Enquirer: 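Here it is, the structure in full.
Order of the sequence lines fixes the chain letters, A, B, ..., with proteins taken first and strands second; residue numbering starts at 1 for each chain. Owing to the predicted nature of the structure, the values given are computational and were not obtained by experimental measurement.
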2 protein chains.
Amino acid sequence: MRLTTPTLLLDKKKSLNNIRRMVQKAKENGIRLRPHFKTHQSAQVGAWFREYNIDAITVSSLKMARYFANQGWKDIMVAFPANVLEMDTMNELAAHIKLHVLAVNVETVEALAIGLKHPVQIWVKIDTGYRRTGVLANNHTALDTIIQKIKESDKLQFAGFVVHDGHTYKQTDVYAIQTIHNTSVYLLQLLRERYIGQFPNLQLSIGDTPSCSILDSLTGVDEIRPGNFVFYDVMQQRIGSCSFDDVAVCMACPVVAKHPNRGEIIIYGGSVHFSKDALPLEDSSVIYGRVVEFTNDGWTTPVNGIDLVSLSQEHGVIKASPEQFEKYHIGDMIGILPVHSCLTADLMRGYMTTDGEILEHLSGVPQRELEIL
Amino acid sequence: MRLTTPTLLLDKKKSLNNIRRMVQKAKENGIRLRPHFKTHQSAQVGAWFREYNIDAITVSSLKMARYFANQGWKDIMVAFPANVLEMDTMNELAAHIKLHVLAVNVETVEALAIGLKHPVQIWVKIDTGYRRTGVLANNHTALDTIIQKIKESDKLQFAGFVVHDGHTYKQTDVYAIQTIHNTSVYLLQLLRERYIGQFPNLQLSIGDTPSCSILDSLTGVDEIRPGNFVFYDVMQQRIGSCSFDDVAVCMACPVVAKHPNRGEIIIYGGSVHFSKDALPLEDSSVIYGRVVEFTNDGWTTPVNGIDLVSLSQEHGVIKASPEQFEKYHIGDMIGILPVHSCLTADLMRGYMTTDGEILEHLSGVPQRELEIL
């Protein structure tokens, strides 16, 4: 198929390999893989996980939960502090599926206890070092209060503790990532010891793509929730989570202008396509993507001497060595691995596989009501 | 109406005032206002301009041109280097409307000359200092070559020269902006003198929101193409283009967690809602939005001591003084003026006016074929 506008290409074979490897690792560690679907947000990509007997998933909004519930997923965790304003949606979902929600504050638990009409699995979000949100692992006063309120509700079923170690994204060293992971597991196990008497089945759930990709041993928890690994991206390659060969999505962007005097190529592809997430380089400049060359059935690893260095709304600026500059002409499509595949996919609102198949993304389809049969 | 998820509010009265002022300024300067519609991308907001007898508009993609052509707009400039891969769409549009395209390279002109089936207005994009794209104003060799190729085509009608002074966005000083503007007008007038003999009707078109908002005199050109002024935002207030009272869009985001120990409030509202465009502060930190308080019919100017300081995919982190922190509770909606309204609108895919009316955004509606009657 002839491409004419910015298009997000997806190499299904690479993505299936990424899924297979993570399934295998979970199996070897004897833990459940509850993949985060916020990266792909696609009915069809979600279906690929079913072939590996995955039946429990993670999402980051109730809108996403409804979308995947409509696709037949029955066990969904919304890994985001419960938005009590969406009580109606939670009730709608909880009537049909096993819905898991998160709480950080006792006020959230109180509102849920009043508003919920159906049983819901509730997890307490723990902060073991990322410092975005969650109860500090040693704040027993807050934890005791929250868990007591959960116990008092006949709708809330305490499931356990969840952590997201987002600070692994700042690391590029396997030992640093191992240390972050060990700290989280240690703190979670202390919490398990403290509450196991009251809740013999309480579970521990962690889940960031760097830890789950890089570390071989993930024992000590019951569940992992990585998401980005389904596609990976330039940021994950930098961290060490994957090789460039594993990156399963690639932007194709038209060349619309060339500036020989400064070695810059202008593409149709800007912040409304890539997002503004940038990768800092050692010289304190940043890039927004790495350029690859298209092959018969996909693309190469990144080429040196050519990078996406600037983005405005629809324009991208590619800086190229004289040798690379000569390769591209007005009207060519240029391939670019995105820095952050989750945000690029959200903006692109759909995929074209390297076999020419169109796959949907939640952000590109009209919102539907819950239509579970 | 009760809001439950991140929502982009639009104060129609403020937006109409912003439009009225720009129309008035164009009138006083005796020049055409060809507003850029990439900021709002909304059929209904576009219609507000019709009341001021605006009949020529600017967009940044052919997709956007088709959307507004379907809304009855008949004179549309795509202010982006022509993407020759979309020749079919250009032909489709040019058969029905007065379509204006831009060229930076002679290769683009050659491809257009071969591919176009209907007359198209072509403008040469000039770089007068922004250094994103455009022919340098003193590069007469390139300009002569491009213009000669245009003359040789029976489909291409040379309309004149366009400039976008995007470097005004980096300024906060009226004299700096005046200097940038004067430079562009001076360089454009030299080009007019050079080519007026061959093209007696050639036009000069400029258009960035800071110049058009801040400067009183815009004489010396034929047309201005500002876009952001329809909403403005925190970045434009910082530049000096508007006051906070003029900012016509405001995000409403649910409070989902609170961290009293560090004075941080977590909102449902992240980079998939706001975009990652940040405003640098003097201490080299950045903010992603300014917090306001809701009133009966809109919102206040920003409150001190509380800012949106961090974004991940769905989470936003608000840093608040103890006094501000106490004002917000789990389940409240919090108001935030966006840093860059164009990107926020593109992500939010729709608006709710302060009167409760829902307005569409191109990115939130299914793409349609050209259906001009």
Enquirer: Please classify the contact between A/A257 and chain B as side chain, backbone, both or neither, with a heavy-atom cut-off of under 4.5 Å.
Expert: both

Enquirer: Does any heavy atom of chain A fall under 4.5 Å from the side chain of B/T133, the backbone, both, or neither of them?
Expert: both

Enquirer: Are B/D208 and B/K170 ion-paired here, with the side-chain N under 4.0 Å from a carboxylate O?
Expert: no

Enquirer: Can you check whether B/N228's main-chain N or O pairs, donor with acceptor, with B/T209's side chain at less than 3.5 Å?
Expert: yes

Enquirer: Quick one: is the NZ or CZ of A/K258 closer than 6.0 Å to the six-membered ring centre of A/F325, and within 45° of its axis?
Expert: yes

Enquirer: Can you tell which part of B/T89 gets under 4.5 Å to a heavy atom of chain A, answering side chain, backbone, both or neither?
Expert: neither

Enquirer: Only pairs of heavy atoms separated by less than 4.5 Å count here; which of B/R262, B/E264, B/K63, B/R131 has the most with chain A?
Expert: B/R262

Enquirer: At a heavy-atom separation under 4.5 Å, does A/L311 approach chain B through its side chain, its backbone, both, or neither?
Expert: neither

Enquirer: Counting N and O atoms only, with roles assigned by atom type, does the side chain of B/R66 sit under 3.5 Å from a partner on the main chain of B/M64, one being a donor and the other an acceptor?
Expert: no

Enquirer: B/Q313, B/K276, B/E107: which one forms the most heavy-atom pairs within less than 4.5 Å of chain A?
Expert: B/Q313

Enquirer: Do you know which of B/L343, B/T108, B/N83, B/L62 has the most heavy-atom pairs with chain A at a distance under 4.5 angstrom?
Expert: B/N83

Enquirer: Output the distance between atom CD1 (B/I266) and atom NZ (A/K125), rounded to the nearest 0.5 Å.
Expert: 9.5 Å

Enquirer: With only heavy atoms counted, which part of B/L102 is less than 4.5 Å from chain A, the side chain, the backbone, both or neither?
Expert: neither

Enquirer: Sub-3.5 Å donor-acceptor pair from the side chain of B/S271 to the main-chain atoms of B/S312, do we have one?
Expert: yes

Enquirer: Look at A/G364, A/A103, A/P254 and state which one has the largest set of heavy-atom pairs under 4.5 Å with chain B.
Expert: A/P254

Enquirer: Taking every non-hydrogen pair under 4.5 Å, which of B/V317, B/D277, B/V365 racks up the most with chain A?
Expert: B/D277

Enquirer: Contact part of B/D88 toward chain A, heavy-atom cut-off under 4.5 Å: side chain, backbone, both or neither?
Expert: neither

Enquirer: Quick check for you: among B/V104, B/N105, B/V84, which has the greatest number of heavy-atom pairs under 4.5 Å with chain A?
Expert: B/N105

Enquirer: Could you check whether the rings of A/F68 and A/H40 sit parallel, tilted or perpendicular, using 30° and 60° as the cut-offs?
Expert: perpendicular

Enquirer: Rounded to the nearest 0.5 Å, how far apart are OG of B/S310 and CD1 of B/I287?
Expert: 13.0 Å

Enquirer: Under a 3.5 Å distance rule, please check whether B/H164 uses its side chain to pair with a backbone N or O of B/G207 as donor and acceptor.
Expert: yes

Enquirer: Who among B/G270, B/P366, B/S363, B/A82 has the most heavy-atom pairs with chain A under 4.5 Å?
Expert: B/S363

Enquirer: Should B/K38 and A/E314 count as an ion pair when the cut-off is N to O under 4.0 Å?
Expert: no

Enquirer: At a heavy-atom distance under 4.5 Å, which candidate from A/R132, A/H340, A/H329 has the highest pair count against chain B?
Expert: A/R132

Enquirer: Using non-hydrogen atoms and a 4.5 Å limit, figure out which bit of B/N139 sits close to chain A: side chain, backbone, both or neither.
Expert: neither

